[in-house]
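Notes follow once the structure below has been shown.
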Amino acid sequence: MKILFIHQNFPGQFKHLAPELAARGHDVRCITLRVTEPGNWKGVQIYPYGIKRKPSQGLHPWLVDFETKVLRAEACFAAARNLRDQEGYVPDVIVAHPGWGEPMFLRDLWPTARIGLYSELYYSLNDQDTDFDPEFPKANADTDSIRLRLKNLNNMIHRQSVDLCISPTRFQASTFPEEYQGIISVIHDGIDTEVVRPNPDAQLTLPDGSVLSREEEVITFVNRNLEPYRGYHVFMRALPELLKRRPNARVVIVGGDEVSYGSAPPKGQTWKQIYIDEVRGQIPTPNWERVHFLGKVPYDQFLSMLQISRAHVYLTYPFVLSWSLLEAMAIGAPIVASDTAPVAEVITHGETGRLFPFFEKEQMVDEICTVLEDPEMRAQMGKASREFAVTHYDLQTQCLPEQLAWIDKLHAMAPGALRS
């Protein structure tokens, strides 16, 4: 097969699938914004594209998001056309993440290609992240439904050209309207549970040179970036009581200072520092010295942190589920997590973890303490969560074979068979 991947930050969600297809002898290529020069990554030929035009000045604010996506789609289309014209390239299959707009016009260029899209989220006012947190009301609540409908223009246009979709969780697939449901396969990106596994000898060296191991009472919290969408504010507000009740606990927090989701903090500030400033006066200095912010860490250090964790805390709005939760489960870390829809798909209270209402910091502290005080519970939950992760999300035995079968199904379709 000739398979073309499209992802602005390749490999992204295709980091296992693309090189596996190349290793099986397929002609695998990718168009991406991530690089500026052509190259090869694990057998995948990489072609860059660059955005040539800037967004319009004075455009209606409801259209800014869509114009940004059209500009990326135009630039990706130009790079794809060069590939066609210079090399005579015609892909059998195109696999793309449409979230930034890139594959919007590729059906016009290659009408016979079968197109599969990574369906991450369809925006809605109901049962999702919008208006979930009353602390952050929308500035224009009366028009928010209009804004989201226009934001979904990208999803709607891609529906006209897609043959099949893939979504990593049932929750994410369920956000898409009825006309998508018959073409979405729920297949996760996959966790390499041979790498992401328990290690009783794991150690974590902190910036001050001290070393933590499984002998210490370690509580962990991870965000890609520390922000409200992943419950950073709720966790920080629980720290004064948590540190008071657990006088020997060490709290390790991983995450950057930028914004991955949601609104940006006030200009010149970070969400990280805003909530440090909010709670610092409630925490005596000896207790605060047991809180360790590591920033963004290398993957091996991230795994070591989870391997020594006695209680791993995870929160999220009703939104995309983080890989880090499934990685923590694969490691067998005892999980204390928010009872929101994406989490409840993988965590069963009392079996694979402990759940609490997202905004109830007092209940979160109670659940953490319950886990820390019961070694037998920790062991049972850790074992159950790893078994669940291996059974349902293991890369080699579950997810990658299902992804490859999805590619074969896509390739076998007559062009346009399910297209509306």
Side-chain angles (χ1 to χ4, degrees), residues 1-15 17-55 66-119 153-166 183 403-404 406-420:
M1 284 181 275
K2 294 180 180 179
I3 305 170
L4 177 65
F5 283 90
I6 308 291
H7 196 300
Q8 61 96 24
N9 191 35
F10 185 81
Q13 291 87 350
F14 309 131
K15 68 177 182 179
L17 177 60
E20 179 64 24
L21 288 166
R24 290 176 178 235
H26 300 295
D27 177 347
V28 183
R29 309 187 188 196
C30 174
I31 297 175
T32 180
L33 186 64
R34 185 172 186 173
V35 300
T36 57
E37 297 293 335
N40 186 289
W41 176 78
K42 296 186 176 181
V44 180
Q45 287 296 120
I46 307 295
Y47 299 86
Y49 80 89
I51 302 172
K52 305 300 184 183
R53 299 172 55 185
K54 294 182 180 180
F66 185 63
E67 188 197 29
T68 300
K69 291 178 170 61
V70 169
L71 291 175
R72 290 190 177 220
E74 178 188 37
C76 183
F77 177 86
R81 184 171 54 194
N82 287 340
L83 185 59
R84 182 199 65 180
D85 294 347
Q86 294 175 11
E87 300 187 25
Y89 178 74
V90 178
D92 300 308
V93 169
I94 298 172
V95 181
H97 193 311
W100 299 272
E102 281 90 345
M104 194 181 298
F105 307 131
L106 296 187
R107 172 65 70 203
D108 301 271
L109 188 67
W110 288 305
T112 62
R114 277 68 108 200
I115 297 180
L117 298 181
Y118 189 94
S119 299
L153 276 175
N154 183 53
N155 280 318
M156 294 173 185
I157 288 176
H158 279 97
R159 178 63 186 92
Q160 298 171 4
S161 63
V162 65
D163 294 296
L164 290 178
C165 296
I166 190 170
I183 62 170
Q403 291 170 22
L404 293 168
W406 180 80
I407 292 287
D408 288 339
K409 179 180 178 181
L410 183 62
H411 179 242
M413 295 176 67
L418 288 181
R419 232 176 298 130
S420 60

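Heads up: numbering here begins at 1 and tracks the sequence.
Here the shortest heavy-atom pairing between Ala75 and Gly50 reads CB-O, 3.3 Å. Smallest separation of non-hydrogen atoms from Tyr89 and Leu83: CD2-CD2, 3.4 Å. Across Ala73 and Gly101, no two heavy atoms sit closer than the pair CB-O, 3.1 Å. Looking at every heavy atom in both residues, Trp41 comes nearest to Lys15 through CH2-O, 3.5 Å. Ala79 and Pro48 make their closest contact through CB-O, 3.9 Å (heavy atoms, listed as atom of the first residue, atom of the second, distance). Nearest heavy-atom pair, Cys165 versus Val162, reported as atom, atom and distance to 0.1 Å: SG-CG2, 3.8 Å.
From Phe14, atom CZ reaches atom CD of Gln403 across 9.0 Å, with rounding to the nearest 0.5 Å. Atom CD1 of Ile94 and atom CZ of Arg107 lie 7.0 Å apart (nearest 0.5 Å). Distance CH2/Trp406 to NE2/His411: 13.5 Å, rounded to 0.5 Å. Interatomic distance, Lys69 NZ to Met104 CE, rounded to the nearest 0.5 Å: 8.0 Å. Rounding to the nearest 0.5 Å gives a distance of 7.0 Å between CG of Leu4 and CG of Leu106. Atom CZ in Phe5 sits 15.0 Å away from atom CD in Glu102 (nearest 0.5 Å).
Side chain of Arg53 to main chain of Ile51: no donor-acceptor pair is present (N/O by atom type, distance under 3.5 Å, no hydrogens or angles). Of the possible donor and acceptor atoms, one in the side chain of Asn154 sits under 3.5 Å from a partner among the backbone N and O of Pro98.
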Would you tabulate the side-chain donor-acceptor contacts of residues 19-34 under 3.5 Å, counting partners in other chains and residues two or more places apart, or write 'none'?
{"from": "Glu20", "atom 1": "OE2", "to": "Arg24", "atom 2": "NE", "distance (Å)": "2.8"}
{"from": "Glu20", "atom 1": "OE2", "to": "Arg24", "atom 2": "NH2", "distance (Å)": "3.3"}
{"from": "His26", "atom 1": "ND1", "to": "Met1", "atom 2": "N", "distance (Å)": "3.1"}
{"from": "Asp27", "atom 1": "OD1", "to": "Arg29", "atom 2": "NE", "distance (Å)": "3.0"}
{"from": "Asp27", "atom 1": "OD2", "to": "Arg29", "atom 2": "NH2", "distance (Å)": "3.2"}
{"from": "Arg29", "atom 1": "NH1", "to": "Tyr47", "atom 2": "OH", "distance (Å)": "3.2"}
{"from": "Arg29", "atom 1": "NH1", "to": "Glu87", "atom 2": "OE1", "distance (Å)": "2.8"}
{"from": "Thr32", "atom 1": "OG1", "to": "His7", "atom 2": "O", "distance (Å)": "2.8"}
{"from": "Thr32", "atom 1": "OG1", "to": "Gln8", "atom 2": "O", "distance (Å)": "3.1"}
{"from": "Thr32", "atom 1": "OG1", "to": "Phe10", "atom 2": "N", "distance (Å)": "3.4"}
{"from": "Thr32", "atom 1": "OG1", "to": "Arg34", "atom 2": "N", "distance (Å)": "3.0"}
{"from": "Arg34", "atom 1": "NH1", "to": "Phe10", "atom 2": "O", "distance (Å)": "2.8"}

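A salt bridge is absent between Asp108 and Arg81: the closest approach of a Lys/Arg side-chain nitrogen to an acidic carboxylate oxygen does not fall below 4.0 angstrom.
Using a 4.5 Å heavy-atom cutoff, the side chains of Leu410 and Ile115 are not in contact. Put simply, the side chain of Leu71 reaches to within 4.5 Å of the side chain of Glu74, judged on heavy atoms. Inter-residue side-chain proximity for Ile166 and Val95 is flagged as unmet; no heavy-atom pair is nearer than 4.5 Å. Contact of the Tyr49 side chain with the Arg72 side chain is registered, since non-hydrogen atoms from C-beta on lie closer than 4.5 Å.
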Show your working on salt bridge (Lys or Arg N to Asp or Glu O under 4.0 Å) between Asp163 and Lys409 and close with a plain yes or no. CA-CA 10 Å; Asp163 294 296; Lys409 179 180 178 181; over 6 Å; no
